[in-house]
Amino acid sequence: MSAGTLAAVYTVAGVLVVLMLRRPRRVRTWWRRVVGAAALGAGLGALVTWWLGDVEDVLDVSPTWVDRLWAGALLVVLGAAVVALVRGGARRRVLATSTVVVMVLATGLAIDRDGGLFPTVGSLMGISDVPALAVPAAETAAVRAGRTATAALPDLGRTWRAPAALPSAGRLGSVAIPGTTSGFDALVYLPPAALVADPPPLPVDIVLSGQGPGAAPENLVDAGRMVQTLDALARAHHGLAPVVVMPDQLERPTNNPMCVDGPLGHSATYLTVDVPRWITSHLSVQAPGRAWAISGFSQGGTCSLQLAAGRPELFSSFVDVSGQVGPRLDGGARTTVEHGFGGDRAAYEAAQPLAVLAGKAPYVGSAGFFAVGGTDSRYGPVMPIVSAAARAAGMEVTREVVPGSGHDWSTASRGLAAGTDWLAARLGLTGP
């Protein structure tokens, strides 16, 4: 949503509130009633945000001060509107109703802008405008000729010579990647170097979105700004960037299979078998291992740590932005064991990244990039723990704190951008 549109909505809401609060001529106790109702609304708003956000944890993240402020403002206006509906005339009732509707819209837009999940109306409606991926004929020919899944090329940034006809930007498209038991859609980004007549085998980064209402690979494009990040990287390095595949590891936005094979889905097999098989059979890429990475935000960040720790021969690098300490469902360990692991406590314990890291240490050639929001009180304390465990297991570790940002898409976009730059050097794309 543009700043101009937001400003217009906020202005209309402010004007309507002022008009609604004007004292009717015949109601002498107007201000006493309005102030009392507004105070009640403010208290109720504070109670609601505290109960739902901090106690019940309905969104799995603590409300920010923006969330609390706007929720409180909405309840204040709602309290005043009740007085207008009861004590005002017909026109005042229409005005009060209109004010509440616009205030609800303004509150939703303000909270969404703070979290950054739905930057466009299409993303809010769950409508994807990403076309089907058109794989260049040269890419297809390279795969058929066996020039795919080649060994890692750590010096590609030094040896690659971009042709004069190098495209100025990469190409984003959607594909259907069949799974072991079902099929999921995915988004694929091909950098400019993959679109030329003689494309080089490129490294791969599998990038995962978080879990929650509206979660989808499109979040990485709309809110995470991955295409802008990758195009900027390609412009800085003569068209070179990883081939980025953004699969749907959830199946449903609120489903969390936790990147394991269990009652909630075979997410681990999908991400470590089905997706890599599709990539190597359709695109000209370097072989898994040294040239492959996995990245993600929130639940996707947890997955990236899990899979890189458990399958270092597949992913030698990973980016974990605001991930958890391990796979977890709402309700804690008992709920996770019961619903996610079929009651198998041993399987749950074995899936925890800290246990995997300790059991597989020492790692040779593996590296991780960890990022978290500076004001993230819930996931912020996790990052030092998991990054220290990765370093103790022999991994090369880089950490970054995004200042003034919480568990939101501002952190995701900035953390993934920093992680992508870090990956470019790890994958040999930066040149001298």
Side-chain angles (χ1 to χ4, degrees), residues 1-24 27 29-121 123-126 212-214 223 253-254 373 375-378 404-410:
M1 195 70 66
S2 69
T5 301
L6 291 171
V9 173
Y10 298 160
T11 300
V12 171
V15 170
L16 288 174
V17 169
V18 171
L19 292 175
M20 182 187 71
L21 292 179
R22 292 176 62 190
R23 184 177 72 85
V27 184
T29 59
W30 174 258
W31 286 114
R32 186 175 64 190
R33 295 174 182 274
V34 165
V35 171
L40 181 62
L44 184 60
L47 179 63
V48 167
T49 54
W50 169 74
W51 180 259
L52 296 180
D54 298 318
V55 178
E56 292 298 321
D57 194 20
V58 294
L59 296 178
D60 200 32
V61 292
S62 296
T64 66
W65 69 267
V66 173
D67 303 332
R68 299 177 196 276
L69 180 63
W70 275 94
L74 175 61
L75 269 295
V76 166
V77 171
L78 184 60
V82 170
V83 176
L85 289 170
V86 174
R87 301 294 297 177
R91 293 183 179 179
R92 182 81 58 167
R93 295 189 184 99
V94 172
L95 179 60
T97 303
S98 302
T99 301
V100 170
V101 171
V102 175
M103 191 63 188
V104 169
L105 175 62
T107 300
L109 291 175
I111 293 176
D112 177 63
R113 184 176 179 83
D114 180 52
L117 178 57
F118 302 113
T120 65
V121 175
S123 61
L124 175 62
M125 301 295 292
T254 56
T375 63
D376 187 347
S377 60
R378 182 160 302 166
S405 190
H407 192 79
D408 53 35
W409 278 95
S410 174

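Since we're looking at a predicted model, the values are computed, not measured.
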Do side-chain atoms of T375 reach the backbone of G406 as a donor and acceptor pair under 3.5 angstrom?
yes

Search all heavy atoms of A96 against all heavy atoms of M20 and return the closest pair with its distance.
CA-SD, 3.7 Å

Going by heavy atoms in the side chains, are L85 and T97 under 4.5 Å from each other?
yes

Where A81 and V100 come nearest, the two heavy atoms and their spacing
CB-CG2, 3.5 Å

Minimum heavy-atom distance between L21 and A80, given as atom pair plus value
CD2-CB, 3.7 Å

The single option from L95, V102, V101 passing side-chain contact (heavy atoms from CB on, under 4.5 Å) against T99:
L95

For R92 and L19, which heavy atoms make the closest approach, and how far apart are they?
NH1-O, 3.5 Å

Can you name the nearest heavy-atom pair linking A84 to R93, along with the distance?
O-CG, 4.3 Å

Closest non-hydrogen atom pair, T107 against A71:
CG2-N, 4.4 Å

